[in-house]
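Below, read A as the first sequence line, B as the second, and so on, with proteins coming before strands; counting in each chain starts at 1.
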Amino acid sequence: MVSITDKTFLYVEDDALSQEIMKLILEDMLGAKELIIFADSKNILERLDRIAIPSIIFLDIHVEPYSGLQILEMVRTKPDFENIPIIAVTASVMNDEVQQLRQAGFDGGIGKPIDQDVIPELIDRILNGEEVWHVT
Amino acid sequence: MRRLFETHKLTLLVIGTISMSVVLIVLLTMLFDGVLAHIIVAIGGVLLGTAILNGVYRHARLSGEENLNRQFHLLNTINNRLANADTLDEIYRQAVTFAVNDLAFERFAIFLYDPIEKVFLGTYGVDTDGTLRNEGYFKRSVKEMDRVYTLIENGVRSKLWQGVPIYDNNKVVGVGWNANAILYEGTTVIGWVATDNFITHRDPPPYLLDLLTQYGILIGHHISRKRKEIQIGETEERFYKAFHANPAGIVVANLNTFQYVDVNAAFLKIFGYTREEVIGKSPDELNLYVNDDDRVYVLNKLRNRETIRGMELKGRRKDGNIIIGRNSIEVIEVDGEPHYLVMSEDVTEQKNTEAALQKAKDELEQRVLERTRDLKVAMDVSREIATVLDLDELLPKLVALTRESFDLYVVSIFIWSPQMQALTLRVASIRGQDKVEAQHLMFTNEQDYGMVLRAQKTGEMVLANNVTESPVYSPVDSLPQTRSEVTFPLMAGDHYLGVVDLQADKVNRFSPEDVRILKSLADIFSIAIQNAQLYAQQVNLAEELQAVDTMKSQFLASMSHELRTPLNAILNFTKFVSRGTLGEVTPKQVQALEKVIKSGQHLLSLINDILDISKIEADAMNLFIEVDVDLISELLVAVDTGRNLLLENNSDVKIVMDFDKDLPRMVGDKRRLRQVFLNLISNACKFTEKGTITIRLRYQDDHVVVAVIDTGTGIPIEEHEMIFSAFKQTKNGMRQREGTGLGLPISRRLVEAHHGEMWLESTVGKGSAFFVKLPLRSKELLAQLEKDTNVT
């Protein structure tokens, strides 16, 4: 198991409950250094400059004003973020939707509801450079 | 028995020199026919007189002068009598009677030659007792009459035989002398005369032969003359008949004055005039010529004295009607004046018949042409029907095609709307106009509706071949040229589609033949319209279904998303509490919280299953295909889950794995394949209370078969298919609260989506075995992957 106590993560998510759940899993359960939450995608590139570079970026797809797909594209333009795994977190788990995410270039996807029992394993795999799709 | 010749009163003696003169006179009389008596007196008188003076009548006791006078008188007398005889018969009778009574022959008879039968026929004879008798019984061939034959052969006019038997009725009645003279017409023998005398009485007088010869010449002459007269009379009569009774019209006109001089009945009948109205008139006065060109042509021909043969000319009857005559015109001389004779045959009827025949032939050809054209139209229309299903596109083509092909004035189609109970003028093609706006025609007045509405109302064809006389036609101001109209209802079975209306600018445009063809065309229209309407309905239905389907998909996607978000909170916060992440919990609280988690997970699986089955039913199940799926690792995940289930239920059931080694990677959607085996294994775990669950994997060549075999209660055969049907649960399944009943239907569809098969073998009380057969490298899936890759 890769230790995540020294790692920060970013989660772009407008749903407060989802933010809280992810924070509880990563910080309380797994002891991550920090989960930074962006509740919207306003000025996202500027805001990225002001935070420590995260080990994984989790993107909700239905955020405003830029969708998760748009954020992915924008983040990919930043050289510093070139190798950061970007994972979609979505309640839209129908096959064609997932297909769309894969083709857009996400490094993985986690379906809602988030299964806190498998998150540690998933994060481990992601951090090991594996493409992970857990969208059931 | 007839009496024999007896001695006679007079005998003439004429000497040879005299006879020559008489011959000359007779010859002359033959040249100057009809005036014989006068010529004899005037020219031959002196000669004849001399001859008779020289003649000696030996037996008579008269003086020479008396004899001569008597001779002259006798010849003159008989000549007059014969000349005045009305008939040939009269000539014969006069001749024989005179010979016996006046010339003192005992018996005298005339025999005539029939040149056709080549026989001599007896005519009249006078016996010695002076009785006239008809010698009609006498019929002999020339050769039978050997004496006469000898005379004719030698060109001798007469001869005397003495001391020969005298016959009567082929019987010898005595012996005496017999003399014959041949009768000539010119050089042609026409008969002979014969006289018998009994030698017991006296010798023949020396002048006998001369006398007989002269008398024969005289008789021959008169017979010939009379025959010619009769012949001429017959010719005239024939001509008269030929002229007046001729079925052809004949008219004779003076070529100088052009006045008609004679006309026959047929001519009068042809032209409708009376004889009085024609004679003395010219053709111009009767205004006979219809064409002046004809008149000039005929006049020129006549002026040049040329003949016209069989020329057809139009002529005007008295009543003004025109007839066609076939005419022959000939210039002839009548009384030294130039005339012309016209023979005119009325061929009007013949010409009319010919014209009618020609017309019929033309019409037939026209009909063949029309028929060909109609077939072409029908074919074109059929083609349009086959290719055009959009009514808005089809109808304008149909009406334009029909109107142009049949050269009609207007063709329009009215469509019946059952909702509105009205006919709508949907499309019209009008000569010289581009477009016609749609109009609604409602039934407003029962009494006054046009042919379109009548066809609609009655369901029958309505025809007006002359609209001005038709009680059913109602004029339309915008269509002033309509002269005939026909409307056909458009029907599909008993169902009204509308009306097709055809109008022409000619009276009687729609013959029965046309009507028949147009009726067929209307039937084709009906089919076309019905097809198009059905097609439109189908399109609408398909569009509606598509819309419903889209809505459903959107609803499901949205529902899935919206349900998952609260489930995310429910499941996770319950777990946080249950696992002490948020502080101390009692074991009782944990038990309760785990039930919440379980229910939440069941709800989630329900959502997933409903989503899957919906996608399957919408044929929208998309696989995420990969080419290197490790089926065994997916099976192991499922087996792990099954073991957990068994553990949770404290079951003694063991899971046994029997896998072939070295299974190659396969093509498929691994998440979906895992789903299938999870479903089968968890079912087996749920429904098996004791024994084992065997997971067996066998592969061969290009496919793999996975079997999940349990030792459960088994499934009755009648339920085998039911368990694969969506939203149906078996009695056993229904006892399980947890299932949705969608697991097996979804699994089977997922296997089928992988081009595999799924089936069940089961014995009640012993257990069940579910089999999944999958191709390892499905060509179809590879092709689909190729396609998807290319799209992206």
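- Electrostatic pairing of Arg76(A) and Glu73(A) does not count as a salt bridge here, judged by no charged N lying under 4.0 Å from a carboxylate O.
- A donor atom on one side chain and an acceptor atom on the other are not found under 3.5 Å apart for Asn644(B) and Asp640(B).
- For the pair Thr581(B) (side chain) and Val577(B) (backbone), a donor-acceptor distance under 3.5 Å is absent.
- For a residue to count as touching a neighbouring chain, one of its non-hydrogen atoms must lie under 4.5 Å from one of that chain's; by this rule Leu582(B) touches chain A with the side chain only.
- A salt bridge is absent between Asp628(B) and Lys670(B): the closest approach of a Lys/Arg side-chain nitrogen to an acidic carboxylate oxygen does not fall below 4.0 angstrom.
- Heavy-atom neighbours of chain B within the stretch residues 8-32 of chain A, taken at a separation under 4.5 angstrom, comprise Asp15(A), Leu17(A), Ser18(A), Glu20(A), Ile21(A), Leu24(A), Ile25(A), Asp28(A), Met29(A).
- For Thr90(A) and His62(A), the side-chain atoms include no donor-acceptor pair closer than 3.5 Å.
- Annotation: cation-pi geometry not satisfied between Arg671(B) and Trp133(A) (NZ/CZ under 6.0 angstrom from ring centroid, within 45° of ring axis).
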